[in-house]
Amino acid sequence: MAQKPSIPKGTRDFNPQEVAKRNYIFNTIRREFEVFGFQPIETPSFENSETLMGKYGDEGDRLIFKILNSGDYFDKFKNVVKELSDETFSGDLNPFYAIETNFVTKHISEKALRYDLTVPFARYVVQHQNEIDFPFKRYQIQPVWRADRPQKGRFREFYQCDADVVGSDSLWQEVEFVQLYDSVFTALGLNGVTIKINNRKILSGIAEVIGAHDKLIDFTVALDKLDKIGEEKVKDEMRSKGISEEGISKLQPLFTLKGDFGAQINELKAILSTSEEGKKGIEELEFINQGIQTLGLKTAKLQLDVTLARGLNYYTGAIFEVAAPEGVKMGSIGGGGRYDDLTGIFGLKNVSGVGISFGLDRIALVLEDLGLFPETITNTVKVLFINFGQAEAMASMKAIKVLREQGISAELFPDQKNTKKQFNYANKRQIPYLVLLGDSELQSNTYTLKNMASGEQQELSLEQLIVALQ
RNA sequence: GUGGUUGUAGCUCAGCUGGUUAGAGCGUCGGUUUGUGGUACCGAAAGUCGCCGGUUCGAACCCGGUCUUCCACCCCA
């Protein structure tokens with residue numbers, strides 16, 4: 001055998017069963033999106049580099065797949081360097097040694113694979129702002145790419161399923177997104193997920209109260225790790241980032257924050273009494289919580305988690321993250337939030353957006369782990385005609401033609417092998433019905449229909465066969 | 001990007017301190033059984049031991065590199 005071909009790391013092939021399972025999830029999510037009034041759009045798999053670069057922080061830039069320019073990119077690059085050397089360099093300084101990776105990258109790569117669906121959506125909104133009726137509710141289900149190092153549930157090509165609203169400040173949107181999460185996971189049979197919610201204004205307010213407003217990012221990154229590394233190490237990290245001892249002691253109530261939504265809110269009110277921004281955040285959370293309490297959730301739990309930070313810098317209000325039911329080891333299976341300024345990056349000010357994302361690939365892994373896929377989702381042909389010979393095959397094909405016109409999937413076993421093999425084939429493909437059309441049926445112009453699950457069979461006319469299979 | 005880990009038949013895995021022709025179960029294919037399946041029995045095929053190089057009389061096993069897998073960071077869906 002020749003050397004086996006392979007695919008790049010972090011990518012996967014999907015066999016028919018896997019595609020059926022994934023489509024089941026896609027269809028469920030899509031149905032809920034549409035029930036909630038979202039409309040689909042699609043954007044290209046790659047964008048201009050400048051659209052993506054700098055939108056996800058330095059870490060994000062590193063993870064963006066860059067596309068090499070076509071043509072003789074190196075020849076063109078040499079011309080760029082030649083001009084540089086005339087203007088910028090003098091003497092015997094070799095310009096090739098003075099230029100940096102970023103500079104080179106910029107000149108040999110002008111396109112990049114999309115990293116998420118939110119930034120391309122922001123670009124879409126700004127570009128098409130005159131055609132869009134606001135508030136605009138869109139959903140988008142497409143693959144994204146990250147040059148990350150793969151792990152379980154972490155791929156270099158994976159699907160995101162996003163729903164966002166732009167052009168509405170209303171907190172009812174946040175309420176609806178919590179309901180949407182609940183509806184989708186309930187529809188998938190994935191009961192008991194935890195929808196964690198926080199608010200960027202609260203994080204910002206806390207940072208302000210402890211005198212670390214300029215260190216908001218460092219502060220939230222450290223706080224986010226509380227679950228994982230524990231209170232002491234979080235404090236250590238905050239100290240190492242230059243947050244004062246006095247500030248850290250003011251945080252003490254945060255580490256022991258317990259109880260239900262209302263109790264935690266009351267604690268926060270005490271901590272944030274001097275921060276206008278913090279109080280605003282609390283107000284928003286209360287609104288969302290009251291809405292959900294009144295309307296109710298089907299199977300999900302809404303939980304306030306002040307340590308929830310999320311990396312993306314553009315969130316300004318609510319922050320969401322969805323954790324799989326207890327006992328399943330998996331990173332978050334969904335996330336989202338409110339971003340007041342996102343389209344500002346592309347020059348459209350004062351348009352607020354809020355949205356959530358579902359991680360299809362991780363949801364698939366979780367459903368697989370818990371055995372929650374319905375058994376009936378695998379696509380297979382409904383009826384297989386056993387091949388008994390030339391004349392029988394021709395008669396079978398005539399019947400198959402009629403069945404297909406009726407929208408019934410049917411096929412003929414192509415070879416006249418012994419019946420045991422043909423039956424085995426039907427078993428393996430989980431084909432539910434067989435038709436035996438042999439000599440005796442040809443004589444009487446009938447069809448023997450066999451139900452593979454029950455083993456029952458009956459002799460039918462073509463009309464009866466159609467009815468039986470519909 | 002940092003540190004570690006993994007790779008043997010289609011799949012799951014054995015393979016002793018380096019020593020003849022690398023094994024098992026499941027699956028596949030053929031037969032008992034070309035008009036009745038999932039069972040049983042018999043038989044067969046299938047591996048440059050991830051890839052490249054090195055050490056050695058001799059390498060699946062030791063060393064280096066590389067790709068891949070998974071894990072912890074980082075970050076995130």
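Order of the sequence lines fixes the chain letters, A, B, ..., with proteins taken first and strands second; residue numbering starts at 1 for each chain.
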* To do: Scan every strand shown for a Watson-Crick or G-U wobble partner of B:A72, both distances under 3.5 Å, and answer none if you come up empty.
  => B:U2

* Have a look at A:G153 and say if it touches a base, only the backbone sugar-phosphate, or nothing, with a 4.0 Å heavy-atom cut-off. => base

* Taking the inter-plane angle between the rings of A:F413 and A:Y425 on a 0 to 90° scale, is it parallel (under 30°), tilted (30 to 60°) or perpendicular (over 60°)? -> perpendicular

* A:D305 side chain to A:K196 backbone, donor-acceptor under 3.5 Å -> no

* On a plain distance test, is the side chain of A:R62 in donor-acceptor contact with the base of B:C76 below 3.5 Å? -> no

* **A:Y181 ring center within less than 6.0 Å of A:F358 ring center** => yes

* To do: In whole angstrom, give the distance that lies between atom CG of A:D224 and atom P of B:C75.
  => 9 Å

* Full working for ring-ring contact (aromatic ring centres under 6.0 Å, His included) between A:Y159 and A:F26 -> CA-CA 10 Å; A:Y159 269 81; A:F26 281 137; 5.1 Å; yes

* Residues forming a side-chain hydrogen bond (donor to acceptor under 3.5 Å, both in side chains) with A:R62, sequence neighbours excluded -> A:E59

* Asked: Taking a pair as Watson-Crick or G-U wobble with both distances under 3.5 Å, which nucleotide is matched to B:U33?
  -> none

* Can you check the A:L442 CG to B:G35 C1' distance for me, whole Å? -> 13 Å

* Asked: Looking for any heavy atom pair under 4.0 Å, which part of the strands does A:D361 touch: base, sugar-phosphate only, or nothing?
  -> nothing

* Structure fact -> Assign each of A:G359 and A:N427 the nucleotide of RNA chain B bearing its closest heavy atom; nearer the 5' end lies the nucleotide of A:N427

* To do: Could you state the atom-to-atom distance from CD1 of A:I319 to P of B:A77 in whole Å?
  => 12 Å

Protein-nucleotides 25-28 of chain B N/O pairs under 3.5 Å:
unit_1, atom_1, unit_2, atom_2, d
B:U28, OP1, A:K428, NZ, 3.3

* To do: Select base, sugar-phosphate, or nothing to describe what A:N424 touches, counting heavy atoms under 4.0 Å on all strands.
  => sugar-phosphate

* Base, sugar-phosphate, or nothing for A:S357, non-hydrogen atoms under 4.0 angstrom? -> nothing

* Looking at A:Y433 versus A:F385, is the centre-to-centre ring distance below 6.0 Å? -> no

Show the atom names and distances, to 0.1 Å, of all donor-acceptor pairs under 3.5 Å that link a side chain in residues 462-470 of chain A to residues at least two apart or in another chain.
unit_1, atom_1, unit_2, atom_2, d
A:Q464, OE1, A:S461, N, 2.8
A:Q464, OE1, A:S461, OG, 3.3

* Rounded distance in Å between the C1' positions of B:C63 and B:G18 -> 13 Å

* Asked: With sugar-phosphate meaning primed atoms plus P, OP1 and OP2, does A:F155 contact a base, only sugar-phosphate, or nothing at under 4.0 Å between heavy atoms?
  -> base

* To do: Pick the P atom in B:A60 and in B:C73, then give their distance to the nearest Å.
  => 38 Å

* Asked: With the threshold set at 4.0 Å, does a side-chain nitrogen-carboxylate oxygen contact exist between A:D361 and A:R22?
  -> yes

* Answer yes if the side chains of A:S352 and A:R338 hold a donor-acceptor pair under 3.5 Å, and no otherwise. => yes

* What is the nucleic acid contact for A:G389, judged by heavy atoms within less than 4.0 Å: base, sugar-phosphate only, or nothing? -> nothing

* Taking atom C1' in both B:G3 and B:U21, compute the distance separating them and give it to the nearest angstrom. => 42 Å

* Want to settle it: does A:D148 or A:K450 sit nearer the 5' end of RNA chain B, counting the closest nucleotide to each? -> A:K450

* Considering only atom C1', compute the distance from B:C74 to B:U12 and round it to an integer number of Å. => 34 Å

* Asked: Which pairs with one or both residues in residues 43-53 of chain A pass salt bridge (Lys or Arg N to Asp or Glu O under 4.0 Å), sequence neighbours excluded?
  -> A:E47-A:R123

* Asked: Hey, is the side chain of A:Q151 poking within less than 4.0 Å of OP1 or OP2 on B:A72, counting only N and O atoms?
  -> yes

* Asked: Within this structure, what is the CZ-to-P distance between A:F413 and B:G37, rounded to whole angstrom?
  -> 15 Å

* May I have the step-by-step check of side-chain contact (heavy atoms from CB on, under 4.5 Å) for A:I108 and A:K66, ending in yes or no? => CA-CA 9 Å; A:I108 66 174; A:K66 286 92 183 170; over 6 Å; no

* How are the rings of A:Y124 and A:H128 set relative to one another: parallel (under 30°), tilted (30 to 60°) or perpendicular (over 60°)? -> tilted

* Asked: Looking only at atom P, what distance separates B:G25 and B:A40, rounded to whole Å?
  -> 14 Å

* To do: May I ask you to verify whether the side chain of A:R362 and the base of B:C76 hold a donor-acceptor pair under 3.5 Å?
  => yes

* Distance between C1' atoms of B:G4 and B:U68 (Å, rounded) -> 15 Å

* To do: Name the nucleic acid region contacted by A:I333, choosing base, sugar-phosphate or nothing; use a 4.0 angstrom heavy-atom cut-off, strictly under.
  => sugar-phosphate

Considering only nitrogen or oxygen atoms on both sides, find all protein atoms under 3.5 Å from nucleotides 30-32 of chain B and state each distance.
unit_1, atom_1, unit_2, atom_2, d
B:G31, OP2, A:K421, NZ, 3.4

* To do: Sticking with atom C1', work out how far B:A9 lies from B:C71, rounded to a whole angstrom.
  => 28 Å

* Asked: Does the base of B:U36 carry an N or O that pairs as donor and acceptor with the side chain of A:Q422 under 3.5 Å?
  -> no

Enumerate all atom pairs, one protein N or O and one N or O from nucleotides 2-5 of chain B, separated by less than 3.5 Å.
unit_1, atom_1, unit_2, atom_2, d
B:U2, O4, A:R149, NE, 3.4
B:U2, O4, A:R149, NH1, 3.1
B:G3, O6, A:R149, NH1, 3.1

* Asked: What is the nucleic acid contact for A:E441, judged by heavy atoms within less than 4.0 Å: base, sugar-phosphate only, or nothing?
  -> base

* What nucleotide, of B:A77, B:C74, B:G38, holds the atom closest to the side chain of A:F158? -> B:A77

* **Derivation of the side-chain contact (heavy atoms from CB on, under 4.5 Å) call for A:F158 and A:W145** => CA-CA 7 Å; A:F158 61 96; A:W145 294 269; over 6 Å; no

* Asked: Just how far, in rounded Å, is C1' of B:U36 from CG of A:N451?
  -> 14 Å

* Is there a Watson-Crick or G-U wobble partner for B:C13 with both distances under 3.5 Å, and if so, which one is it? -> B:G23

* Structure fact -> A:E59 atom CD is separated from B:C73 atom C1', nearest whole Å, by 11 Å

* Does A:F388 lie flat on the base of B:G35, that is, centres under 5.5 Å apart and planes under 30° off? -> yes

* Just by distance, with hydrogens left out, do A:S444 and A:T446 show a side-chain donor and acceptor under 3.5 Å apart? -> yes

* Asked: Starting at CG of A:L308 and ending at P of B:A77, how long is that distance when rounded to a whole Å?
  -> 11 Å

* **Selected nucleotide, minimal atom distance to A:K152 side chain, candidates B:C70, B:G35, B:G37** => B:C70

* Has A:F358 got its ring stacked on the base of B:A77, with centres under 5.5 Å and planes less than 30° apart? -> no

* Asked: Between the base of B:U68 and the side chain of A:K9, is there a donor-acceptor distance below 3.5 Å?
  -> no

* Integer-rounded Å distance: B:G37 C1' and A:Y425 OH -> 15 Å

* Asked: In whole Å, what separates the C1' atom of B:U5 from that of B:C67?
  -> 15 Å

* Asked: Would A:E237 and A:K225 count as a salt bridge (Lys or Arg N to Asp or Glu O under 4.0 Å) if you check the C-alpha gap in whole Å, the side-chain angles of each, and the deciding distance to 0.1 Å?
  -> CA-CA 10 Å; A:E237 180 163 336; A:K225 293 178 188 165; 3.1 Å; yes

